[in-house]
There are 2 protein chains.
Amino acid sequence: MTPAGRRIVAAAEELFYNRGITAVGVDLIAEHSGVTKRTLYNQFGSKDHLVAVYLRERDQRWRALVRAAVDAAGTPAEAVTAPFEALRTWSETNTRGCAFINALAELPDPSHPAHRIAADQKLWLLNLFEELATAVGCSQPATLATQLLVLHEGAVATRPLPLDSLPASAGLARALVRAAASPRG
Amino acid sequence: MTPAGRRIVAAAEELFYNRGITAVGVDLIAEHSGVTKRTLYNQFGSKDHLVAVYLRERDQRWRALVRAAVDAAGTPAEAVTAPFEALRTWSETNTRGCAFINALAELPDPSHPAHRIAADQKLWLLNLFEELATAVGCSQPATLATQLLVLHEGAVATRPLPLDSLPASAGLARALVRAAASPRG
DNA sequence: TGCCAGGTATACTGATCTGTGTACATCTCC
DNA sequence: GGAGATGTACACAGATCAGTATACCTGGCA
């Protein structure tokens, strides 16, 4: 990606996430990235494609954060709930909920690339939870993984509201892992 | 509200929820409700106001469904998780997630009426959970209520994705209530 | 009979939207 | 020095956006 292309994606990330995809026009993105609209279209072809690139980049950044949190965990049990630690960091600067869920809200067409990207992101996290649950010695890792995913998404979805639900969800996640990893789990 | 007004709100509900608020223009709503744009503006004054009415009407319909499910529950323990039964019914025809979370995604301005309506809706459910948790004899109803809310919102938020997370969240909710209502809860 | 609210029909404003056309500048690499 | 890629500058098309103006119709009610 060219320097101008990177600036465009950076501006698109900030604007799309904070103001909404439909509400932000390509003119505004071009202005914020110090680039001509012509350059934007030469690089990305269409707004829809730029939206897809925005979501993909964001997904990569988020996965790297989660991976780092999992790798930094001291024990296998802590690793299972490490994504909730990552979420705590992530949601400090991302206060408008999940960018992918939000994108689906604005782009109802199932053939839009955003739908596949969003689904892949959630399935990736689900698989990660299942791997970590298996590693911790849980007898039903698939069930635990789904429960953890729901808790995670619930915490993200309620982020824009004045609730502070992250501690409750992270606490419950740890309790679930404790119970599942115990001899009777 | 006049007959034309009701038709406008009905059309707005269907279009705003399924296609997105920003993506749907007032012309389309007028056309779908068999009404002139002049009538729409005579009734609601602005698109923003119509959006607020749409969310308020939807909120009332949803609360009635939840209340009915709670009242129909056989035992206090079943009453606590009754909102998850209501959610099962509700999400059969509402497959695009939470209309209020989606609205916040599209309307970043915190002074927009949608923000207050969305926050009120979640707080109402949180309070309902807490009341029901208290009635079932839970020692820490506030904690349980927050956990149940997160589970509920997680299930709703992941509805547009190919996951089927509702059984997992409802099952976990019942397990939590069982544990909290037991002598050692 | 007359009034008036609710509603229709239609044209319009001014702004904004995505996307394109065209001509020119700059830079690197061969 | 020339070619091709990167980017600028700017005007433009065609559609759609929220919202308004004006004139007219119709049913109920006083």
Side-chain angles (χ1 to χ4, degrees), chain A residues 1-57 102-109 111-115, chain B residues 1-57 102-109 111-115:
Chain A
M1 199 179 297
T2 66
R6 278 188 288 271
R7 288 212 309 277
I8 292 168
V9 173
E13 280 209 44
E14 198 243 315
L15 291 169
F16 281 154
Y17 180 69
N18 288 309
R19 303 196 199 181
I21 293 172
T22 315
V24 168
V26 289
D27 297 81
L28 188 64
I29 296 172
E31 188 190 326
H32 271 239
S33 49
V35 146
T36 314
K37 197 164 51 160
R38 202 79 196 78
T39 300
L40 189 151
Y41 275 94
N42 284 342
Q43 290 286 328
F44 300 101
S46 72
K47 185 185 176 179
D48 272 351
H49 186 213
L50 178 57
V51 169
V53 172
Y54 144 63
L55 292 173
R56 211 141 42 203
E57 292 273 314
N102 290 358
L104 295 195
E106 295 201 64
L107 309 167
D109 180 8
S111 67
H112 194 287
H115 283 253
Chain B
M1 199 180 297
T2 67
R6 277 189 289 271
R7 288 211 311 276
I8 292 168
V9 173
E13 279 209 46
E14 198 244 314
L15 291 168
F16 280 155
Y17 179 69
N18 287 308
R19 304 195 197 179
I21 294 171
T22 315
V24 168
V26 288
D27 297 82
L28 188 63
I29 295 172
E31 187 190 327
H32 271 240
S33 49
V35 145
T36 313
K37 197 162 55 159
R38 202 77 196 79
T39 300
L40 189 152
Y41 275 94
N42 283 342
Q43 290 287 328
F44 301 101
S46 72
K47 184 184 176 180
D48 273 351
H49 185 214
L50 178 56
V51 169
V53 172
Y54 144 63
L55 292 174
R56 210 140 43 202
E57 292 274 314
N102 291 358
L104 296 195
E106 295 201 64
L107 310 166
D109 179 8
S111 67
H112 194 287
H115 282 254

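On a predicted model such as this, the values are computed, not experimentally measured, just so you know. All chains are named by letter (A, B, ...) in the order of the sequence lines, taking the proteins before the strands, and each is independently numbered beginning at 1.
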Per-nucleotide protein contact along nucleotides 13-21 of chain C, 5' to 3', at a 4.0 Å heavy-atom cut-off (B base, S sugar-phosphate only, - neither), is -----BBBB
[X] [atom1] to [N] [atom2], straight-line distance once rounded to whole Å:
X       : N      : atom1 : atom2 : answer
B:Leu40 : D:dC17 : CG    : C1'   : 14 Å
A:Phe44 : D:dG7  : CZ    : C1'   : 14 Å
A:Glu31 : D:dA9  : CD    : C1'   : 15 Å
B:Leu50 : D:dG19 : CG    : C1'   : 14 Å
B:Leu15 : D:dT16 : CG    : C1'   : 16 Å
A:Asn42 : D:dG4  : CG    : P     : 17 Å

Does B:Leu107 offer a backbone N or O that forms a donor-acceptor pair with the side chain of B:His115 under 3.5 Å?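 At least one qualifying donor-acceptor pair exists.
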**Message:** Could you check whether any side-chain N or O of B:His32 sits under 3.5 Å from a backbone N or O of B:Ala11, counting only pairs where one atom can act as donor and the other as acceptor?
**Reply:**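 Judged by distance alone, no pair lies under 3.5 Å.
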Closest non-hydrogen atom pair between B:Leu28 and B:Arg19, with its separation
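That would be CD2-NH1, 3.5 Å.
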Minimum-distance nucleotide to A:Thr36 side chain [options: C:dG6, D:dA9, D:dG7]: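 Closest nucleotide among those given: D:dA9.
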Fill in: Touch class at under 4.0 angstrom, heavy-atom based, for B:Gly5 against every strand present
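Touches nothing.
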Say whether B:Ser46 and B:Asp48, considering side chains only, have a donor N or O and an acceptor N or O under 3.5 Å apart.
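There is no such pair between these side chains.
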query: Will you find, in the side chains of A:Thr2 and A:Gln43, an N or O donor that is under 3.5 Å from an N or O acceptor?
result: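 There is such a pair (donor and acceptor under 3.5 Å, judged by atom type) between the side chains of A:Thr2 and A:Gln43.
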For this session: Could you tell me whether the phosphate oxygens of D:dG7, OP1 or OP2, come under 4.0 Å of any side-chain nitrogen or oxygen in A:Thr2?
Result: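 For D:dG7, OP1/OP2 do have a side-chain N/O of A:Thr2 under 4.0 Å.
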Does a side-chain N or O of B:Thr39 approach OP1 or OP2 of C:dG6 to a distance below 4.0 Å, or not?
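No.
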Task: Name of the residue among A:Lys37, A:Lys47, A:Arg38 meeting salt bridge (charged side-chain N to carboxylate O under 4.0 Å, His left out) with A:Asp27 - done: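 Of the listed options, the one satisfying the test is A:Lys37.
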